[in-house]
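What follows is a set of notes on a single structure, which appears directly below.
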Protein chains: 2
Amino acid sequence: MKKNDNQEVEAVMPDERAVDSRAEAFVGVRAARRNELAEDYVELIAELIYAKGEARPVDIATKMGVTAPTVAKTLDRLAREGLITRAKYRSVFLTEEGRALAKECRHRHEIVLRFLLSLGLDLETAERDAEGIEHHVSDRTLALFAAFADGSRVDRRNLMGEALRSN
Amino acid sequence: MKKNDNQEVEAVMPDERAVDSRAEAFVGVRAARRNELAEDYVELIAELIYAKGEARPVDIATKMGVTAPTVAKTLDRLAREGLITRAKYRSVFLTEEGRALAKECRHRHEIVLRFLLSLGLDLETAERDAEGIEHHVSDRTLALFAAFADGSRVDRRNLMGEALRSN
DNA sequence: TAGACAAGTTAGCCTTGTCTAACTTTTGAT
DNA sequence: ATCAAAAGTTAGACAAGGCTAACTTGTCTA
Ligand SMILES: [Mn+2]
Ligand SMILES: [Mn+2]
Ligand SMILES: [Mn+2]
Ligand SMILES: [Mn+2]
């Protein structure tokens with residue numbers, strides 16, 4: 001069969017599979033995908049605890065738009081992974097680790113949402129898109145989003161000011 | 001048990017499950033998630049066909065960073081869904097529908113990437129993030145991204161020009 | 001024109017995430 | 001204090017997406 005001679009030479013990697021730059025991106029995205037649900041859950045659990053004092057499976061199910069058994073199974077996994085603790089028939093608590101993750105997720109969520117709004121998007125669409133995008137935003141991108149959102153109100157003013165000054 | 005009286009009254013929906021606005025977002029995101037892989041595959045297949053004249057499973061596997069059996073199984077699904085056609089031991093072709101989807105995906109991918117770059121992100125990170133974000137961008141958001149990317153080079157100039165003119 | 005080796009397939013395993021159906025526990029109203 | 005309804009759990013089905021191992025097919029090269 002044809003040798004792939006139309007491809008740049010790839011350095012031998014410590015890993016088994018050769019990784020071209022494209023594959024790196026895909027592998028990274030798949031990794032992010034595996035954490036999405038956990039992130040949404042802990043974020044939601046933190047919100048529920050804050051808003052109602054406790055996070056009950058029934059409320060998680062409602063907010064997530066899934067059935068109770070689905071929530072139960074997912075919570076079992078989160079407990080296995082050390083993000084939450086729970087006892088039978090009782091509501092759910094975040095571990096230290098879970099709280100940390102929740103905080104980080106809430107932070108990212110907020111920045112992405114503010115960014116989309118500052119771009120001129122309507123609230124409903126912004127919330128929808130933020131809910132998906134937040135899991136695929138690197139730290140660098142997040143920083144740029146934050147800067148843009150923060151600056152967007154004064155941007156016009158500042159730029160104009162600078163233009164006038166530099167005139 | 002407590003009635004959820006702390007929640008806005010929800011109109012009775014034609015659907016079974018009550019959907020608060022939060023759930024709508026999560027449900028939407030999950031729907032988008034189910035198409036991610038198909039989108040990446042058809043986009044990649046189109047690229048391979050364009051670049052090499054054919055899309056072979058081995059190249060798909062390399063670019064996606066997965067093993068050959070994984071590709072085989074996914075291709076079977078795509079064929080079942082009418083996005084590609086294939087014959088045993090032969091390379092893969094896009095159906096009309098597949099081509100349409102590929103085109104749409106490439107379009108979105110391109111806009112998201114240009115947008116991230118115009119925001120000041122480095123190419124490598126932009127490509128990584130775009131690969132994930134592209135699947136969670138609504139038409140509205142995409143339009144804003146495109147406008148921003150298109151305008152970003154002339155923006156400064158234009159704004160300053162306007163500022164000067166309106167002075 | 002053989003064969004060796006690359007590419008492709010098949011079978012089977014695992015985990016995640018979703019569901020329905022049926023059972024158990026908790027709890028609020030009477 | 002009772003007990004019905006709400007909440008929670010358990011069991012089991014199913015599809016997707018990943019893997020390894022082992023087999024089959026195609027093709028380049030000697
Ligand atoms: Mn989310
Ligand atoms: Mn979120
Ligand atoms: Mn992608
Ligand atoms: Mn893409």
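Note: hydrogens, waters and symmetry copies are ignored here, and every other heavy atom, side chains too, is used.
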(message) Checking A/E110 against A/R114 for the salt bridge (Lys or Arg N to Asp or Glu O under 4.0 Å) test, could you report, in this order, the C-alpha distance in whole Å, the side-chain angles of both residues, the deciding distance, and whether it holds?
(response) CA-CA 6 Å; A/E110 214 134 80; A/R114 278 197 305 129; over 6 Å; no
(message) Quick check against the 3.5 Å criterion: does A/R30 have a side-chain atom that pairs as donor or acceptor with the backbone of B/M64?
(response) yes
(request) Give the rounded distance in Å between these two atoms: NZ of A/K73 and C1' of D/dA11. (result) 9 Å
(request) Taking the side chain as every heavy atom from C-beta outward, state whether B/L37 and A/R33 have any pair of such atoms under 4.5 Å apart. (result) yes
(message) What I want to find out is whether B/R22 reaches A/E127 closely enough, with some N-O distance under 4.0 Å, to be called a salt bridge.
(response) no
(request) Starting at atom CG of A/L37, determine the distance to atom C1' of C/dT15, rounded to an integer number of angstrom. (result) 13 Å
(message) Give me the atom names and distance for the closest heavy-atom approach of A/V42 to A/G98.
(response) CB-O, 4.2 Å
(message) Judged by each residue's nearest nucleotide on DNA chain D, which is more toward the 5′ side, A/S91 or B/P69?
(response) A/S91
(request) Decide yes or no on side chain to side chain contact (heavy atoms under 4.5 Å, CB included) for B/E47 and B/K63, but give the supporting numbers first. (result) CA-CA 11 Å; B/E47 277 172 30; B/K63 298 283 185 200; over 6 Å; no
(request) Please name the residue in the list A/E39, A/E43, A/H135 that meets the side-chain hydrogen bond (donor to acceptor under 3.5 Å, both in side chains) test with A/H109. (result) A/E43
(request) Return the value, rounded to whole Å, for the distance between atom CE of A/M64 and atom P of C/dC19. (result) 10 Å
(request) Measure from CZ on B/R30 to C1' on D/dA16 and round the result to the nearest Å. (result) 15 Å
(message) When you measure from the side-chain N and O atoms of B/T67 to the phosphate of D/dC19, is any distance below 4.0 Å, counting only OP1 and OP2?
(response) yes
(message) Could you tell me how far apart A/R56 (CZ) and C/dG28 (C1') are, to the nearest whole angstrom?
(response) 12 Å
(request) Please check if the side chain of A/R99 supplies one atom and the backbone of A/L94 the other of a donor-acceptor pair under 3.5 Å. (result) yes
(request) Please determine if B/E54 and B/R90 form a salt bridge, counting it only when a charged side-chain N lies under 4.0 Å from a carboxylate O. (result) no
(request) Return the nearest nucleotide to the side chain of A/A68; candidates are D/dT9, C/dT9, C/dT18. (result) D/dT9
(message) Without decimals, in angstroms, what is the distance between B/R33 CZ and C/dT18 P?
(response) 8 Å
(request) Measure the distance from CZ on A/R34 to C1' on D/dG18 and round it to the nearest whole Å. (result) 9 Å
(request) For DNA chain D, find the residues of residues 74-90 of chain A with a heavy-atom distance under 4.0 Å and give them by number; none if there aren't any. (result) A/R86, A/K88, A/Y89
(request) Starting at atom CD of B/E54, determine the distance to atom P of C/dG8, rounded to an integer number of angstrom. (result) 9 Å
(request) Under 3.5 Å for both distances, Watson-Crick or G-U wobble, that's the pair rule; now give the dot-bracket for DNA chain D, with | marking pairs to another strand and [ ] for crossing ones. (result) ||||||||||||||||||||||||||||||
